[in-house]
Amino acid sequence: MDFTVSKRNKGFTLIELVITISVLGVLAATAVPRFIDLKEDAKKETVENFHGSLRATVRLLHMKSQIDNLLGDNVTIATDYGDYQFYRGYPETRSEALTPNTYFIETFLALGVPVDVIRANGARTANYAEITVFEDNGYSRIGYGAGNLKSGLCYAEYPHTSETQEFNIETAGC
C-alpha cells in the first residue's frame with residue numbers, strides 16, 4: 001500500500017484573494033448605487049399610487065352623488081363610511097357633517113390607526129410611520145414629510161374649492 005500525501009495546502013493564494021476582493025469591489029461599486037436609488041423610487045411610486053387612489057375615490061363618490069341627484073352646494077350624503085359633506089357632488093376635504101369634523105383621507109382611505117395626530121385651527125396632521133397626512137378645509141395631502149407636506153415636495157393632494165376639484169402630485173423631494 002502506497003499512500004502519497006499531497007504537500008499542497010488547501011487554502012487560497014494571495015493572488016486569488018486579491019482578484020476575488022477586486023471583483024467584489026467592482027460589483028459593490030456598481031450595485032450599491034442602484035439599491036440606494038430604490039428607496040427614492042419606492043417613495044415616488046407610493047405617492048403616485050396615493051394620487052391614483054385619491055382620483056379613483058373622488059370619481060366614485062362623485063358618481064354616487066350624481067346617481068342620488070345630490071349636487072347641491074352643501075349636501076350631506078350617506079356613504080358606506082358614514083355621513084359626509086359634499087359640495088356640488090364632490091366630497092369636501094373637511095366634512096362638517098359630523099361632530100367632530102371628519103376628513104377626506106381619514107374617512108375614505110383605509111390607512112389604519114395613526115401613530116400621532118395633531119389638530120390645530122381646523123387642520124389635522126396624522127402620522128402613519130413614514131407616511132404623513134395633512135388635511136384642512138382646502139387640501140387633503142398624503143406623502144412623505146412633516147407638517148402640511150409642502151416643504152418636503154413628496155406628496156399627492158386633492159385640493160377642493162367651490163370652483164374646482166383638482167389632483168396634484170409633487171415628487172421632486174422624494
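Excluded from the calculations below are hydrogen atoms, water molecules and symmetry mates; all remaining heavy atoms, backbone and side chain alike, are included. Not measured: the values here are computed from a predicted model.
Closest approach of Val117 and Ala126 over heavy atoms only: CG2-CB, 4.2 Å. The two residues Thr132 and Gly145 have their closest heavy-atom pair at OG1-O, 2.8 Å. The two atoms that bring Arg141 and Asn148 nearest to each other are NH1-O, 3.1 Å, heavy atoms only. Closest approach of Val47 to Gly143, counting heavy atoms only: CG2-CA, 4.4 Å. Taking all atoms of both residues into account, the shortest heavy-atom contact from Asp73 to Arg88 is OD1-NE, 3.1 Å.
By the 4.0 Å N-to-carboxylate-O rule, Lys43 lies too far from Glu45 to be salt-bridged with it.
Taking the six-membered ring where the residue is Trp, Tyr90 and His62 present parallel rings, their angle staying beneath 30° rather than reaching 60°. Taking the six-membered ring where tryptophan is involved, the planes of Tyr81 and Phe108 are perpendicular, since the angle between them exceeds 60° and thus also 30°.
Residues Leu61 and Phe104 form a side-chain contact, since some pair of their non-hydrogen atoms from C-beta on lies under 4.5 Å apart. Between Leu109 and Ser53 there is a side-chain heavy-atom pair separated by less than 4.5 Å. Taking 4.5 Å as the limit, some side-chain heavy atom of Gln66 sits within range of a side-chain heavy atom of Leu71. Side-chain atoms of Ile131 and Tyr144, non-hydrogen and from C-beta on, do get closer than 4.5 Å to each other. Taking 4.5 Å as the limit, every side-chain heavy atom of Pro114 sits out of range of all side-chain heavy atoms of Asn127. Two residues are said to be in side-chain contact when any heavy atoms from C-beta on lie closer than 4.5 Å; Glu166 and Tyr158 fail this criterion. In this structure the side chain of Ile105 never reaches within 4.5 angstrom of the side chain of Tyr103, judged on heavy atoms. Using a 4.5 Å cut-off on side-chain heavy atoms (C-beta onward), Phe86 and Ile77 make contact.
Taking CG of Asp41 as the start and OG1 of Thr171 as the end, the distance is 10.5 Å to the nearest 0.5 Å. If you take OG1 on Thr107 and OH on Tyr84, they are separated by 5.0 Å, rounding to the nearest 0.5 Å. Remark: Leu153 CG to Ser151 OG distance equals 7.0 Å, nearest 0.5 Å. Distance CD/Glu40 to SG/Cys154: 9.0 Å, rounded to 0.5 Å. Separating the NE2 atom in His51 from the CD1 atom in Ile169 is a distance of 5.5 Å, to the nearest 0.5 Å. Expressed to the nearest 0.5 Å, how far CZ of Phe134 lies from CG of Leu149 amounts to 8.0 Å.
Residues Asn168 and Glu157 bring a donor and an acceptor atom of their side chains to less than 3.5 Å of each other. Between the side chains of Ser140 and Glu135, at least one donor-acceptor pair of N or O atoms lies under 3.5 Å.
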Given the rule in the side-chain contact (heavy atoms from CB on, under 4.5 Å) test, do Thr125 and Val133 qualify, once you have shown the distances and angles that lead to the verdict?
CA-CA 6 Å; Thr125 303; Val133 173; over 6 Å; no
Audit row: Glu48, Lys44, salt bridge (charged side-chain N to carboxylate O under 4.0 Å, His left out) steps and yes/no:
CA-CA 6 Å; Glu48 289 171 3; Lys44 283 182 181 177; over 6 Å; no
Derivation and outcome, salt bridge (charged side-chain N to carboxylate O under 4.0 Å, His left out), residues Arg124 and Glu106
CA-CA 10 Å; Arg124 176 182 184 272; Glu106 171 188 41; 3.4 Å; yes
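Annotation for Leu60: hydrophobic cluster partners, listed by chain and number, are Met63 (ILVMFWY side-chain heavy atoms under 4.5 Å, direct or chained).
Residues that satisfy the salt bridge (charged side-chain N to carboxylate O under 4.0 Å, His left out) test with Lys64, not counting sequence neighbours, are Asp68.
Screening Asn74, Thr93, Thr76 for a side-chain hydrogen bond (donor to acceptor under 3.5 Å, both in side chains) with Gln85, the sole residue that qualifies is Asn74.
Counting heavy-atom neighbours within 6.0 Å of Tyr139 OH, excluding the residue itself, gives a total of 12 or less.
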